[in-house]
Amino acid sequence: MRAMMFWRNLEQIGLTAIDLRNMAFSLVKFSCCLHVTATYLVDPSVCRGPSMIPTIGPMTSFLLTERISPRFGKVERGDLVIVQSPENPRKFSCKRLLGLEGDSVTFLVDPKNSDKCETVVVPKGHVWVQGDNIYNSRDSRQLGPVPYGLLQAKVFWRLWPPGGFGPLGKI
């Protein structure tokens, strides 16, 4: 009974079963395009917290990221990247890429309490990432070199807050 009423209502507004099928097919195509775009091309990201001060403020920032560069090894020292946490695979962080495989990276071990430096050679298949705020960032200084496969995207544009709208590049 309800099905009959449904079809009658559709006929009254001028929709046929073929129209519904076409709309459903268009919705499926749109969803597939959206999925492919977000997975392989460009994706919006949210960054919050103090680890990237002063480049990105402590309040929530909305960023555009592109996923092509990490897939083809086209990231460079100084790029802002989205990296999956080696400790918690559900967590993603925005960090600055400071070293590629084979690079020697010198860093302050505990910048809050001492000037002690350490030098590390980034092993093959890994990268060195750090937050711009060395006093409040959990990064390669604590976790060590991060596997290259955990690089998810390269940040290229800040959408929000409005005062910071524009491109985000290397240092």
**Prompt:** What residues, two or more places apart in sequence or in another chain, satisfy salt bridge (charged side-chain N to carboxylate O under 4.0 Å, His left out) together with Arg138?
**Reply:** Glu87
**Request:** Check whether more than 12 heavy atoms from other residues, nucleotides or ligands sit under 6.0 Å from atom CG of Asp115, and answer yes or no.
**Result:** no
**Fill in**
Closest non-hydrogen atoms of Val105 and Gly99, given as atom of the first, atom of the second and distance, are CG2-CA, 4.1 Å
**Within residues 121-130 or reaching into it, pairs that qualify as side-chain hydrogen bond (donor to acceptor under 3.5 Å, both in side chains) - sequence neighbours excluded** = Trp128-Gln130
**Request:** List the steps, then state whether side chain to side chain contact (heavy atoms under 4.5 Å, CB included) holds for Ser61 with Met59.
**Result:** CA-CA 6 Å; Ser61 293; Met59 304 306 284; over 6 Å; no
**Request:** Would you please test Leu100 and Val122 for side chain to side chain contact (heavy atoms under 4.5 Å, CB included) and show each step?
**Result:** CA-CA 6 Å; Leu100 299 168; Val122 181; over 6 Å; no
**Asked** Between Ser104 and Thr119, does any side-chain donor sit less than 3.5 Å from a side-chain acceptor?
**Response** no
**Asked** Same cluster or not: are Phe165 and Trp160 linked, directly or through other Ile, Leu, Val, Met, Phe, Trp or Tyr residues, by side-chain heavy atoms under 4.5 angstrom apart?
**Response** yes
**Fill in**
Closest heavy-atom pair, Cys94 versus Ser51, reported as atoms and distance to 0.1 Å, is O-OG, 4.2 Å
**Request:** Could you give me the CA-CA distance, side-chain angles and deciding distance for Val81 and Val155, then say whether side chain to side chain contact (heavy atoms under 4.5 Å, CB included) is met?
**Result:** CA-CA 6 Å; Val81 294; Val155 178; over 6 Å; no
**Request:** May I ask you to test the Val120-Phe107 pair for a side-chain heavy-atom distance under 4.5 Å?
**Result:** yes
**Minimum heavy-atom distance between Tyr148 and Val75, given as atom pair plus value** = OH-CG2, 3.5 Å
**Message:** Hydrophobic clustering (ILVMFWY, side-chain heavy atoms < 4.5 Å, transitive) - are Ile82 and Met52 grouped together?
**Reply:** yes
**Item:** Under 3.5 Å side-chain donor-acceptor pair for Ser140 and Lys95
**Value:** no
**Asked** Transitively linked via ILVMFWY side-chain contacts under 4.5 Å: Trp157 with Val42?
**Response** yes
**Message:** Please determine whether a side-chain nitrogen of the Lys or Arg among Arg77 and Asp103 lies less than 4.0 Å from a carboxylate oxygen of the Asp or Glu.
**Reply:** yes
**Message:** With side chain to side chain contact (heavy atoms under 4.5 Å, CB included) as the criterion, how do Arg96 and Thr55 come out once you've worked through the C-alpha distance, each side chain's angles and the decisive distance to 0.1 Å?
**Reply:** CA-CA 10 Å; Arg96 188 164 309 274; Thr55 306; 3.3 Å; yes
**Partner residues of Asn133 under the side-chain hydrogen bond (donor to acceptor under 3.5 Å, both in side chains) criterion, sequence neighbours left out** = none
**Request:** Check salt bridge (charged side-chain N to carboxylate O under 4.0 Å, His left out) between Asp43 and all other residues, then give those that pass, not counting sequence neighbours.
**Result:** Arg67
**Message:** Under the side chain to side chain contact (heavy atoms under 4.5 Å, CB included) test against Leu63, which residue among Val46, Leu159, Ile56 passes?
**Reply:** Ile56
**Asked** Between the main-chain N or O of Gln84 and the side-chain N or O of Gln152, is there a donor-acceptor pair closer than 3.5 Å?
**Response** no
**Cys117 to Val109 - nearest heavy-atom pair and separation** = C-CG2, 4.3 Å
**Summary of salt bridge (Lys or Arg N to Asp or Glu O under 4.0 Å) pairs that have at least one residue in residues 142-153, sequence neighbours excluded** = none
**Asked** What pairs meet the salt bridge (Lys or Arg N to Asp or Glu O under 4.0 Å) rule with one or both residues in residues 143-165, with sequence neighbours excluded?
**Response** Asp79-Lys154
